[in-house]
Asks: 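What follows is a structure written as structure tokens; I'll ask about it next.
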Number of protein chains: 2
Amino acid sequence: MAKRSYGQYCALAQALDVVGERWTILIIRELLIRPRRYAELLQALPGVGTNLLADRIRQLMEAGVVRAADVHDRRSGYELTTRGEALREPVLALARWGLETMTEQARSGHVTPGWAQLGVEALIDQARVPDVDECYMMNVDDEIFTIVVSNGHARIHRGPVDQPTITISTDAMTMIDIGSRKLDPIAALADQRVSVIGRADAMPRFLHLLGLYGPSSHLTNARQTAAGQAGR
Amino acid sequence: MAKRSYGQYCALAQALDVVGERWTILIIRELLIRPRRYAELLQALPGVGTNLLADRIRQLMEAGVVRAADVHDRRSGYELTTRGEALREPVLALARWGLETMTEQARSGHVTPGWAQLGVEALIDQARVPDVDECYMMNVDDEIFTIVVSNGHARIHRGPVDQPTITISTDAMTMIDIGSRKLDPIAALADQRVSVIGRADAMPRFLHLLGLYGPSSHLTNARQTAAGQAGR
DNA sequence: CTGCATCCGCCTCGATACTG
DNA sequence: CAGTATCGAGGCGGATGCAG
């Protein structure tokens with residue numbers, strides 16, 4: 001029962017003593033997407049084993065990374081603490097690295113819309129934010145999240161907005177195919193694997209924000225072309 | 001022998017399939033510091049087990065993260081590939097998170113100068129780079145590395161420079177104490193745990209670069225106070 | 001029915017011994 | 001020096017049981 005430790009006075013080893021064991025970071029991934037109940041975590045993590053999940057949650061709570069919280073009505077659930085939320089950057093950085101590792105055979109694995117959302121979030125490049133205020137609503141397998149661009153900064157949040165500049169609908173696997181550069185977004189549109197509603201000129205800006213389109217940054221400087229419109 | 005996999009079509013899970021097993025990220029940490037020979041890795045990772053180390057190295061080579069290389073004279077050794085070097089950001093992000101987790105009792109663990117170097121690198125904040133070109137040479141337990149500030153950008157590299165603005169000498173544990181904010185750098189100077197040679201006015205700029213000093217950013221704007229000096 | 005705890009087979013881990 | 005071979009202990013994964 002004594003927790004295994006690397007026994008090193010090193011920031012990285014200390015971090016791994018907390019989140020380095022099997023399944024732990026994937027539990028945190030799920031809670032980075034949204035708070036969850038125990039059964040939801042079990043479902044999102046096929047193969048985890050009920051005892052192991054309970055153990056991990058307990059360790060994360062003791063480490064101050066996760067706390068109990070009300071999810072849905074008044075059932076028991078879990079959410080990240082401030083300290084756990086601080087893992088978003090490290091986790092997104094790892095996911096960004098992993099996007100380049102996605103093998104073709106991995107496509108036979110499990111997929112959820114939340115993972116596509118996290119992949120999009122990992123791709124957002126604050127150095128490529130367009131000079132217009134607008135927002136891109138995404139409907140991935142009927143789970144909705146939105147990227148809001150305002151004042152030169154891009155943010156992502158769950159749920160819809162009233163007046164999205166464009167609404168992009170697709171499925172999780174397609175979105176991950178695109179994010180991992182195995183599928184060209186324009187080809188995906190042509191194949192009807194992705195549909196877009198709204199101002200068509202926002203699409204290249206959206207793709208450029210994710211680093212998926214445009215060798216140069218000339219699209220981001222088209223400040224005048226689409227100014228003063230809906231956006232939230 | 002079949003590698004265990006999470007079986008998820010998710011960038012994070014894919015990354016963890018490659019670097020998520022026990023010891024793997026710590027091996028990468030060592031290679032991020034510098035190329036190593038097999039025996040050096042064994043020594044830097046107490047408790048790893050020779051077979052496991054060989055297994056992990058083999059897996060990392062198959063994944064294209066590590067390759068064999070000449071280290072020192074003409075002995076066999078290992079270094080990161082370009083793909084492995086791309087793990088620097090995720091690993092530093094995790095270390096940055098871990099710096100806040102360092103417990104007092106962790107100080108009984110093993111320490112090496114390389115880990116202190118990585119801690120310093122994790123703390124470097126490109127938004128706090130001073131407006132002067134200078135460089136800070138660090139001597140940690142007789143291992144030397146240097147932070148070079150030029151053109152508004154800070155870089156770190158192993159080894160000395162000819163004309164450091166300041167030279168900071170200390171031991172690894174003290175440096176990690178400071179980086180994890182358990183020890184005030186000024187107090188460490190007073191206690192002789194750290195010694196500084198060179199232009200004393202560079203010290204607050206150095207500490208501010210690491211986010212260890214100064215509540216505001218007024219030090220970074222002191223462009224005139226220390227312009228046009230050595231610093232290579 | 002959800003949220004776990006218990007039990008069990010297996011595989012990974014970690015230590016030691018051994019070989020090219 | 002750079003690993004391979006071996007083996008006990010324990011973490012992991014799956015099935016089942018039970019309490020709120």
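Reminder, nothing fancy here: chain letters follow the sequence lines and each chain counts from 1.
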Asks: For A:Asp70 and C:dG3, what is the distance between atoms CG and P respectively, to the nearest whole Å?
Replies: 12 Å
Asks: With no hydrogens and no angle check, just 3.5 Å: does a side-chain donor-acceptor pair link B:Gln8 and A:Arg29?
Replies: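 Checked: B:Gln8/A:Arg29 side chains pair up, N/O donor to acceptor below 3.5 Å.
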Asks: Tell me the interatomic distance from B:Arg37, atom CZ, to D:dA2, atom P, rounded to whole angstroms.
Replies: 4 Å
Asks: Between B:Arg34 and B:Glu143, is a salt bridge (charged side-chain N to carboxylate O under 4.0 Å, His left out) present by the stated rule, with each step listed?
Replies: CA-CA 12 Å; B:Arg34 61 174 175 276; B:Glu143 281 199 23; 3.4 Å; yes
Asks: Is A:Arg56 near enough to D:dC12 that one of its side-chain N or O atoms lies under 4.0 angstrom from OP1 or OP2?
Replies: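 Affirmative; the distance criterion is met.
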Asks: Tell me: CZ of A:Arg22 to P of C:dC10, nearest whole Å?
Replies: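 Answer to the nearest Å: 18 Å.
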Asks: Judged by atom type as modelled, is there a donor-acceptor pair below 3.5 Å linking the side chain of B:Thr170 to the main-chain atoms of B:Arg193?
Replies: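 Looks like yes, one N/O pair under 3.5 Å.
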Asks: Rounded to the nearest Å, what distance is computed from the CG atom of residue A:Leu42 to the P atom of nucleotide D:dG14?
Replies: 11 Å
Asks: Please give, in whole Å, the distance from C:dC4 P to A:Ile57 CD1?
Replies: 7 Å
Asks: Hey, does the side chain of A:Trp23 come within less than 4.0 Å of D:dG11's phosphate (OP1/OP2), counting only N and O?
Replies: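 Indeed not, no polar side-chain atom of A:Trp23 lies that close.
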Asks: Tell me whether the OP1 or OP2 atom of C:dG14 has a side-chain N or O from A:Arg4 closer than 4.0 Å.
Replies: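 Checking A:Arg4 against C:dG14: at least one side-chain N or O falls below 4.0 Å of OP1 or OP2.
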Asks: Here's a test for you: under side-chain contact (heavy atoms from CB on, under 4.5 Å), which of A:Leu189, A:Val140, A:Val196 qualifies with A:Ile168?
Replies: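 Between A:Ile168 and the candidates, side-chain contact (heavy atoms from CB on, under 4.5 Å) is satisfied uniquely by A:Val196.
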Asks: If I take atom CG in residue B:Leu45 and atom C1' in nucleotide C:dG14, what distance separates them, rounded to the nearest angstrom?
Replies: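 Checked: the CG to C1' distance equals 13 Å.
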Asks: It should be established whether B:Tyr38 places a side-chain nitrogen or oxygen under 4.0 Å from OP1 or OP2 of nucleotide D:dT4.
Replies: no
Asks: Does a nitrogen or oxygen in the side chain of A:Tyr78 sit under 4.0 Å from OP1 or OP2 of C:dG3?
Replies: no
Asks: Determine whether a donor-acceptor pair (N or O, by modelled atom type, separation under 3.5 Å) exists between the side chain of A:Gln126 and the backbone of A:Ala154.
Replies: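 Present.
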Asks: Step by step, would you call B:Glu121 with B:Arg88 a salt bridge (charged side-chain N to carboxylate O under 4.0 Å, His left out)?
Replies: CA-CA 10 Å; B:Glu121 187 174 355; B:Arg88 187 177 294 273; 3.1 Å; yes
Asks: Can you measure A:Leu52 atom CG to C:dC11 atom P for me and round it to whole angstrom units?
Replies: 17 Å
Asks: Does B:Arg58 make a side-chain N or O approach to OP1 or OP2 of D:dG3 shorter than 4.0 Å?
Replies: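 For D:dG3, neither OP1 nor OP2 has a side-chain N or O of B:Arg58 closer than 4.0 Å.
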Asks: Please tabulate the protein-to-nucleotide N/O contacts below 3.5 Å involving nucleotides 15-19 of chain C, giving atom names and distances.
Replies:
residue : atom : partner : partner atom : Å
C:dA15  : OP2  : B:Gly47 : O            : 2.9
C:dA15  : N6   : B:Asn51 : ND2          : 3.0
C:dT16  : O4   : B:Thr50 : OG1          : 3.3

Asks: Give the rounded distance in Å between these two atoms: CZ of B:Arg36 and C1' of D:dA2.
Replies: 17 Å
Asks: Under 3.5 Å, side chain of A:Tyr6 to main-chain N/O of B:Trp23, donor-acceptor pair present?
Replies: yes
